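Computed from a predicted model, the values in this text were never measured in an experiment. By convention in this document, chain letters (A, B, ...) are assigned in the order of the sequence lines, proteins followed by strands, and residues within each chain are numbered from 1.
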Amino acid sequence: MAMDMAMATMSHTHTHHQFQTLLSSSTTLSHLKQIHAQILHSNCNSNTLLSKLVLSSCTLSSSSSTLHYALSVFSQIPNPPTHLSNQLLRHLSRSPLPDKTLFLYHNLRTINAFTLDRFSFPPLLKAVSKLSAFSHGLEIHGLASKLGFLSDPFIQTGLIAMYALCGRIMDARLLFDKMSHPDAVAWNTIIDGYCQNGHYDDALRLFEDMKNSGAKPDSVIICTVLSACGHARNIKYGRSVLEFVKDNGLAIDSYLQTALINMYANCGAMELAREIYDGLSSKHLIVSTAMISGYAKLGMTKDARVIFDQMIEKDFICWSAMISGYSESDQPQEALKLFNEMLRKRIVPDQITMLSVISACSNVGTLGQAKWIHTYVDRNGFGRALSVNNALIDMYAKCGNLVKAREVFENMPRKNVISWSSMINAFAMHGNANSAINLFHRMKEENIEPNGVTFIGVLYACGHAGLVEEGQKLFSSMVNEHRISPTREHYGCMVDLYCRANLLRKAIELIETMPFAPNVIIWGSLMSACQIHGEAELGEFAAKRLLELEPGHDGALVVLSNIYAKERRWNDVGLIRKSMSYKGVSKEKACSRVEINNEVHTFMMADRYHKQSDEIYQKLDEVVSQLKLVGYKPSTSSILIDLEEEDKKELVLWHSEKLAVCYGLISRRKESCIHIVKNLRICEDCHSFMKLISKVYQVEIVVRDRTRFHHCSSGVCSCKDYW
DNA sequence: GTAGGGTTAG
């Protein structure tokens with residue numbers, strides 16, 4: 001209001017000084033633009049005022065419109081002073097659009113090679129680090145060297161961080177070792193660098209080196225080291241660090257309390273975190289936030305929520321922590337509910353909040369919600385951020401819309417390894433193996449270095465498409481060419497690949513030679529393959545190993561029971577039935593959600609909660625008799641409980657996805673697709689049921705279950721194989 | 001005037 005008055009009374013006779021005062025007190029972008037217009041019309045149009053305008057935009061906000069405005073004003077200054085370029089570089093490097101730092105750098109270099117001094121480099125390196133833009137990093141390193149800046153400790157530290165965050169920890173270490181007297185920041189950067197690359201034990205060793213070198217750790221380093229202890233699950237070392245802090249009289253401030261709580265949480269010891277928290281006379285915002293994310297990490301969202309609700313003062317970060325807590329703990333609906341509440345309270349989310357919210361949408365899996373959040377993201381200026389777009393790719397893929405996922409991917413001005421991996425994985429999830437593999441090759445042509453997650457996607461795709469040789473080639477290139485050590489998941493993909501191709505001997509060979517103990521997933525692959533390919537003996541072996549790891553695993557019990565029944569080993573069958581009646585304690589209840597006209601309806605097996613329940617069961621009867629005419633026979637092999645065959649036939653018809661699809665048939669808009677999300681795996685009977693419905697009723701059905709998508713139309717499913 | 005600490009996408 002005051003500003004508007006000032007604007008209204010402003011005349012062409014404003015002095016330079018008055019403009020400066022106005023600029024300093026300006027609080028919105030539109031005010032800055034109004035003043036800008038007045039300056040241009042006045043006779044005090046000068047570079048000094050334009051510079052001041054750039055600086056004012058920098059202090060205003062980091063929203064993309066303000067950043068673009070600052071850049072455009074800057075470009076109107078003919079010979080910008082170096083200190084101004086540096087201020088802008090610094091602001092951009094800290095903003096959510098760090099790539100604009102490199103954009104400005106390239107502009108500056110084209111205009112004049114010497115508008116950069118040593119103060120320009122820390123922000124440049126920071127931007128490179130945030131973007132993992134390694135080739136730019138090398139170029140900037142070269143330039144710093146040419147200009148003789150490599151002895152500047154600020155630039156040295158920036159380079160160490162750059163190499164470390166671009167995954168070149170050895171190069172970072174070489175630079176660090178060259179420093180004659182690394183200060184606390186340099187030590188912290190290299191220790192943190194090891195952590196960023198997952199080498200937590202090395203980080204702890206380096207901390208010992210630091211203490212031996214006589215350098216004095218400060219509280220920031222202690223926080224970094226405690227975080228390494230948490231990741232390394234080394235609670236013992238963590239406690240010794242705490243002793244060190246006390247012995248050396250370091251203050252235990254809020255940040256340190258936070259780091260301690262995080263360390264305990266990562267070690268699964270929330271009771272120790274709680275002890276610290278309860279002992280605090282004043283509970284700082286960030287400490288409570290750490291408690292929330294600590295509880296949430298262990299799935300204890302109720303405890304997290306109690307802390308959250310008790311907090312008197314809340315900022316957007318603790319809201320984000322609670323939202324991501326729900327999202328990560330498989331309570332995506334709660335996450336979205338809280339996000340809506342946050343908006344109602346007019347608390348402004350940041351990019352990181354949006355990542356959790358988008359991830360929650362992915363897990364809910366409904367396209368309507370996905371589109372809503374995409375619109376929100378675009379309208380609120382998050383749409384340009386790389387990480388947000390990466391999350392959107394995954395979201396659309398998981399909500400069944402591969403076309404939209406692809407659209408987001410192709411429209412991204414800049415892509416990183418996560419973007420490519422997300423898109424590859426999207427194709428793989430949807431059973432589109434060739435597209436996944438082609439994209440992988442395109443990625444390599446564009447010189448993007450694949451990582452472990454990228455390979456999970458392509459290997460999975462190869463497995464489901466039966467591309468054994470291609471899979472083997474990729475696996476060996478991962479190890480030999482890309483120097484990525486395979487994890488249990490990679491071995492899991494390869495075992496599955498061999499199993500699906502009926503190369504069971506190869507699968508077993510791999511299981512025996514891999515450096516990990518096989519897990520539930522690996523035994524499960526082998527077991528299903530044996531069942532399909534009629535290998536009873538091996539199947540029994542795999543099922544037994546699986547049951548040792550997870551005594552209540554229903555699939556394994558069914559397989560075993562079938563094998564025994566075939567061999568008429570009734571005693572063994574009886575034993576299994578007995579152990580089946582034990583289970584059910586921790587078993588997740590199956591449910592299916594169907595999205596109809598932007599609304600979500602949830603069904604459980606045989607439930608009658610839906611208000612159109614009668615209609616739904618009527619439809620189900622009609623559908624079943626229609627399908628029987630084209631050869632549908634309910635298959636009961638997925639029914640685990642001990643029932644008479646006729647009862648089982650009834651029960652399999654009441655599977656939640658069947659109720660969901662019938663509701664879809666009643667209520668969907670004409671020509672629209674029926675989209676179902678199931679929390680567990682869809683059974684074989686439901687799979688063929690969907691295929692037949694799609695043929696008989698001429699409707700497209702998309703089912704997303706725990707493992708993959710099933711796109712059914714005209715009686716065919718794109719996933720081709722079922723198991 | 002320059003570097004490191006609470007929520008973070010595959």
Side-chain angles (χ1 to χ4, degrees), chain A residues 55 82-84 86-87 89-90 93 96 117-126 129 149 152-162 164 182-193 195 218-227 253-259 261-262 284-294 296-297 315-325 327-328 349-360 362 382 385-395 397-398 416-426 428-429 450-457:
Chain A
L55 295 179
T82 306
H83 73 89
L84 183 69
N86 290 346
Q87 289 263 21
L89 285 172
R90 186 156 65 101
S93 74
D117 64 8
R118 65 199 173 86
F119 293 103
S120 322
F121 283 83
L124 289 174
L125 292 168
K126 190 192 182 70
S129 306
F149 293 155
D152 182 316
F154 289 91
I155 295 175
Q156 287 171 335
T157 311
L159 284 168
I160 293 170
M162 183 275 285
D183 66 359
V185 182
W187 275 106
N188 188 51
T189 306
I190 188 71
I191 292 177
D192 190 52
C195 295
D218 64 6
S219 72
V220 180
I221 293 186
I222 299 292
C223 291
T224 307
V225 172
L226 284 172
S227 146
D253 62 3
S254 305
Y255 279 111
L256 221 150
Q257 292 160 10
T258 302
I261 288 170
N262 281 332
H284 193 277
L285 187 61
I286 66 172
V287 185
S288 300
T289 304
M291 285 298 286
I292 292 172
S293 59
K297 233 175 262 165
D315 66 354
F316 73 96
I317 297 184
C318 74
W319 280 84
S320 300
M322 194 63 234
I323 289 170
S324 88
S327 180
E328 293 299 300
D350 75 343
Q351 203 190 96
I352 297 174
T353 322
M354 295 319 299
L355 294 180
S356 297
V357 175
I358 296 169
S359 160
S362 318
F382 297 111
L386 177 71
S387 55
V388 169
N389 281 299
N390 290 343
L392 288 176
I393 295 172
D394 185 56
M395 176 185 77
K398 288 189 175 151
N416 67 1
V417 59
I418 299 182
S419 332
W420 289 88
S421 306
S422 303
M423 197 59 227
I424 289 171
N425 194 46
M429 249 190 308
N451 65 16
V453 183
T454 323
F455 278 99
I456 299 269

S.K.: To the nearest Å, how far apart are A:L84 CG and B:dT2 C1'?
M.R.: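 So the two atoms are 15 Å apart, to the nearest Å.
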S.K.: Nucleotide by nucleotide, 5' to 3', does protein get under 4.0 Å of the base (B), only the sugar-phosphate (S), or neither (-) in nucleotides 4-10 of chain B, counting heavy atoms?
M.R.: BBBBBBB
S.K.: When rounded to the nearest 0.5 angstrom, what distance separates OG1 in A:T224 from CG in A:D192?
M.R.: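 Here the rounded value is 5.0 Å.
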S.K.: List the steps and the verdict of side-chain contact (heavy atoms from CB on, under 4.5 Å) for A:I222 and A:D218.
M.R.: CA-CA 6 Å; A:I222 299 292; A:D218 64 6; over 6 Å; no
S.K.: Whole-Å distance between B:dT2 C1' and A:I155 CD1?
M.R.: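 It is 8 Å, rounded to the nearest whole Å.
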S.K.: Mind checking what makes side chain to side chain contact (heavy atoms under 4.5 Å, CB included) contact with A:P450, not counting sequence neighbours?
M.R.: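 A:F440, A:M443, A:T454, A:F455, A:H482.
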S.K.: Per the side-chain contact (heavy atoms from CB on, under 4.5 Å) rule, which among A:V185, A:N188, A:L125 passes with A:T157?
M.R.: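 That would be A:V185.
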S.K.: Do the side-chain N and O atoms of A:N390 and A:N416 include a donor-acceptor pair separated by under 3.5 angstrom?
M.R.: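 Short answer, yes.
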